[in-house]
Enquirer: 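Pasting a structure below so you can have a look.
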Amino acid sequence: MQKFTQLNGLVAPLDRANVDTDLIIPKQFLKSIKRTGFGPNLFDELRYLDEGYPGQDASQRPLNPDFVLNQPRYQGAEVLLARQNFGCGSSREHAPWALVDFGFRAVIAPSFADIFFNNAPKNGLLLIQLDEAVLDRLFAEVAASEGYRLLIDLPAQKVTTPSGEVLSFEMDPFRKHCLINGLDDIGITLQDAQAIKDYEVRQAQQTPWIFA
Amino acid sequence: MSQPRTLYDKLWDAHVVKQREDGTALLYIDRHLLHEVTSPQAFEGLRLAGRSPWRLGANLATPDHNVPTTQKERAQGVSGIEDETSRIQVQTLDENCDAFGITEFKINDVRQGIVHVVGPEQGATLPGMTLVCGDSHTATHGAFAALAHGVGTSEVEHVLATQCLIQRKMKNLLIQVDGRLQPGVTAKDIILAVIGEIGTAGGTGYAMEFAGSAIESLSMEGRMTICNMAIEAGARVGLVACDQTTLDYVKGRPFAPQGEQWAQAEAYWKNLHTDSGAVFDKVVTLDAAAIEPQVSWGTSPEMVAPISGQVPNPADAVDETQRKSWVRALEYMGLQPNQALTDIRLDRVFIGSCTNSRIEDLRAAAVVIKGRKVASSVKQALVVPGSGLVKQQAEAEGLDQVFVAAGFEWREPGCSMCLAMNADKLGAGEHCASTSNRNFEGRQGYGGRTHLVSPAMAAAAAIAGHFIDVRQF
């Protein structure tokens, strides 16, 4: 997993509430048995004017010029500004895989759906929650200023705007630790292997049918 | 005396392996269900790290998302799946389960089906368990007073490798539904009404328990329908207390405890309810008698209205965000503000999915359909049973004949048109009365327009060719 410490990233705005994971990566691309290669199909139905299917050459497809990520000024964006309840619906981890594969390193929104919120940081994708009113302001600033970047400092839990405004954000200490160090949870959990075995021995008395 | 606890508190407490200093806990997972779409990368991860499953017997797998549902394509088993990428994914599940020794109900096993239908049907879902699956509709299993939720592929791998998850405890939300449902109003209408009331993010961060006399009088099938869609209200976890209805359903199923262990289990399970005096962080109450049959009109499950109602007018939205969402939804759905729901004409009808493909759902639809014909304007009406065993039961009751005589297609079990990963899908612009759970853009096919309804409402719509109040049908 890619480590996340600081990022000075170009920002792209997606001004739409309740963006679901079907929209982030449609189901026909879930047939892959790999973790990579989903970037060309991120937001497929919004990005292209035709129907997408696996194995297409994306460079030959007609782009939707109205879609924000197709606009020249947002090419190379690494930070996505989004609205409430981002990532709702299906648990597909293909959604954060697609965002990361496309090049996003962070998503900033007023709220995220629970399962997506769990999945994203396991893939090095930082999710930052800021107040709706702050987001309104950031959306306005991005629209007004081409090349708008945000400086994200995860260890300090701060976002700095081009005008020098500093916005603090909350962060789960465990997620922060894993993101900064690029750690995968399994290795951490297996340090407690003995505690898991002890639990199983205890529970096998209480609820033996679970272990039958 | 100990502090009164909610059902969620009890399930959580019983599964904490270790409370950690950062506020997270290591939570033990009793049962892990797997399917072909979200598991291949997890098995690959295990292999790359040289790990093996922690407790093999905890795992149960079945292919469901990709499997074709026509008899012709199913005849050859996995090798007969025409779509190459789908075939590879189903084959990969078979190979992974064989290699690691995980029990799998393969494509033409009579026990194969939608993972959330199969688990309960087999008694693999039991009260008091923690249960996860790489699918958001795992909330279904909460109907058994089990702590069940969807996980991503990283967590599928984590559970395979450690039998645990690193979790932070959620808050408690109570949905209290009292009173008697009107005839023709079902569990599906209750949950759609709940989502309409609290919104698609209303349950975010909560475990959502459903209680009250209306919930208690539901069958296990009805309770599963309700918990299934807790995720559509933002809650990963739906819950219903264990009672005699639960015990009667579980008893005698293949994976359920037997003999002395059954007695021990029953005693343990009888405590699986919220204690009187336990405090919820939030409570929402609904009057069951006031709930009408529901129809979704938009592209989020919260965009739902009673059948007597209309498509809303964006001018009436509460804020700019909602107004924009409504404008976009009406454009995508091809609907006009203030249009009566009964004026929406259907191109296709889908009865199936982990929400509504159990025997009770098929019976409810068959009652409406019996002796009638699908409207000639409806291009296709599909019934896709949730499992091979549901199909077998329905055929024993003659339901397949009722459907076929009316002009429905009677299919093999799978997720099918709920998410259209197989060949069953909507064409662009087509309206579908669907008993599934999500009406997102493109969910049932590129440009397809989904309306979520109960099986009885879908059946009535198939006959009429447009939405109609099943109570007057």
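Computed from a predicted structure; not experimentally measured.
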Enquirer: Using a 6.0 Å cut-off, check whether atom CD of B:Gln258 has over 12 heavy atoms from anything other than its own residue.
Expert: no

Enquirer: For B:Val16, is it the side chain, the backbone, both or neither that has a heavy atom under 4.5 Å from a heavy atom of chain A?
Expert: backbone

Enquirer: Treating A:Gln28 as the side-chain partner and A:Gly52 as the backbone partner, does any N or O pair qualify as donor plus acceptor under 3.5 Å?
Expert: yes

Enquirer: Only pairs of heavy atoms separated by less than 4.5 Å count here; which of A:Glu200, A:Glu132, A:His177 has the most with chain B?
Expert: A:Glu200

Enquirer: Listing request: all side chain to side chain donor-acceptor pair (under 3.5 Å) pairs with a residue in residues 94-108 of chain A, at least two apart in sequence or in separate chains.
Expert: A:Trp97-A:Asn123

Enquirer: Is chain B contacted by the side chain of A:Lys176, its backbone, both, or neither, given a heavy-atom distance below 4.5 Å?
Expert: neither

Enquirer: According to the salt bridge (charged side-chain N to carboxylate O under 4.0 Å, His left out) rule, which pairs have a member within residues 55-73 of chain A, sequence neighbours left out?
Expert: A:Asp44-A:Arg61, A:Asp50-A:Arg61

Enquirer: Out of B:Glu44, B:Met129, B:Arg236, return the one with the most heavy atom pairs under 4.5 angstrom to chain A.
Expert: B:Arg236

Enquirer: Does any backbone or side-chain atom of A:Arg16 lie under 4.5 Å from a heavy atom of chain B? Answer side chain, backbone, both or neither.
Expert: side chain

Enquirer: Within a 6.0 Å radius of atom CD on A:Gln6, are there more than 12 heavy atoms belonging to other residues, nucleotides or ligands?
Expert: yes

Enquirer: Which answer fits A:Lys27, side chain, backbone, both or neither, if we ask what part of it has an atom under 4.5 Å from a heavy atom of chain B?
Expert: both

Enquirer: If the threshold is 4.0 Å, N to carboxylate O, is there a salt bridge linking B:Lys251 and B:Glu266?
Expert: no

Enquirer: Is it true that B:Glu157 and A:Arg35 have a side-chain N and a carboxylate O under 4.0 angstrom from each other?
Expert: yes

Enquirer: Select one option (side chain, backbone, both, neither) describing which atoms of A:Pro26 are under 4.5 Å from chain B's heavy atoms.
Expert: neither

Enquirer: Side chain, backbone, both or neither: which part of B:Gln444 has a non-hydrogen atom closer than 4.5 Å to chain A?
Expert: backbone

Enquirer: Can you tell me if B:Glu21 has over 12 outside heavy atoms packed within less than 6.0 Å of its CD?
Expert: no

Enquirer: Which one, B:Gln167, B:Glu155, B:His137, B:Met170, leads in non-hydrogen pairs under 4.5 Å with chain A?
Expert: B:Glu155

Enquirer: Could you check whether the rings of B:Tyr28 and A:Tyr199 sit parallel, tilted or perpendicular, using 30° and 60° as the cut-offs?
Expert: tilted

Enquirer: For A:Ala95, which atoms come within 4.5 Å of any heavy atom of chain B: side chain, backbone, both, or neither?
Expert: neither

Enquirer: Name the option with the most non-hydrogen atom pairs under 4.5 Å to chain B; the candidates are A:Asp198, A:Asn119, A:Ile188.
Expert: A:Asn119

Enquirer: Most heavy-atom pairs under 4.5 angstrom with chain B, which of A:Ser111, A:Ala212, A:Ser90, A:Ala17?
Expert: A:Ser90

Enquirer: Is it the backbone or the side chain of A:Phe112 that comes under 4.5 Å from a heavy atom of chain B, or both, or neither?
Expert: backbone

Enquirer: So which residue, A:Asn118, A:Leu30, A:Ile186, ends up with the most heavy-atom pairs under 4.5 Å with chain B?
Expert: A:Ile186

Enquirer: Has A:Glu93 got a side-chain atom pairing as donor or acceptor with B:Thr153's backbone, closer than 3.5 angstrom?
Expert: yes

Enquirer: Under 4.5 Å from any heavy atom of chain A, what part of B:Thr92 do you find: side chain, backbone, both or neither?
Expert: side chain

Enquirer: Select one option (side chain, backbone, both, neither) describing which atoms of B:Asn437 are under 4.5 Å from chain A's heavy atoms.
Expert: neither

Enquirer: Hey, which of B:Gly134, B:Gly234, B:Ala14, B:Ala235 has the most heavy atom pairs under 4.5 Å with chain A?
Expert: B:Ala14

Enquirer: Can you tell which of A:Asp184, A:Asp15, A:Asp172, A:Thr21 has the highest number of heavy-atom pairs within less than 4.5 Å of chain B?
Expert: A:Asp172

Enquirer: Select one option (side chain, backbone, both, neither) describing which atoms of B:His15 are under 4.5 Å from chain A's heavy atoms.
Expert: both

Enquirer: Which answer fits A:Ile196, side chain, backbone, both or neither, if we ask what part of it has an atom under 4.5 Å from a heavy atom of chain B?
Expert: both

Enquirer: If we define contacts as heavy-atom pairs under 4.5 Å, which of A:Pro208, A:Ser32, A:Ala195, A:Pro96 has the most with chain B?
Expert: A:Pro208

Enquirer: Between B:Arg438 and B:Ser136, is the side chain to side chain donor-acceptor pair (under 3.5 Å) condition met? List the steps.
Expert: CA-CA 11 Å; B:Arg438 289 190 174 132; B:Ser136 61; 2.8 Å; yes

Enquirer: What closest approach, in Å, do A:Ala82 and A:Leu135 show between heavy atoms, and which atom pair accounts for it?
Expert: O-CD1, 3.7 Å

Enquirer: For B:Val151, which atoms come within 4.5 Å of any heavy atom of chain A: side chain, backbone, both, or neither?
Expert: backbone

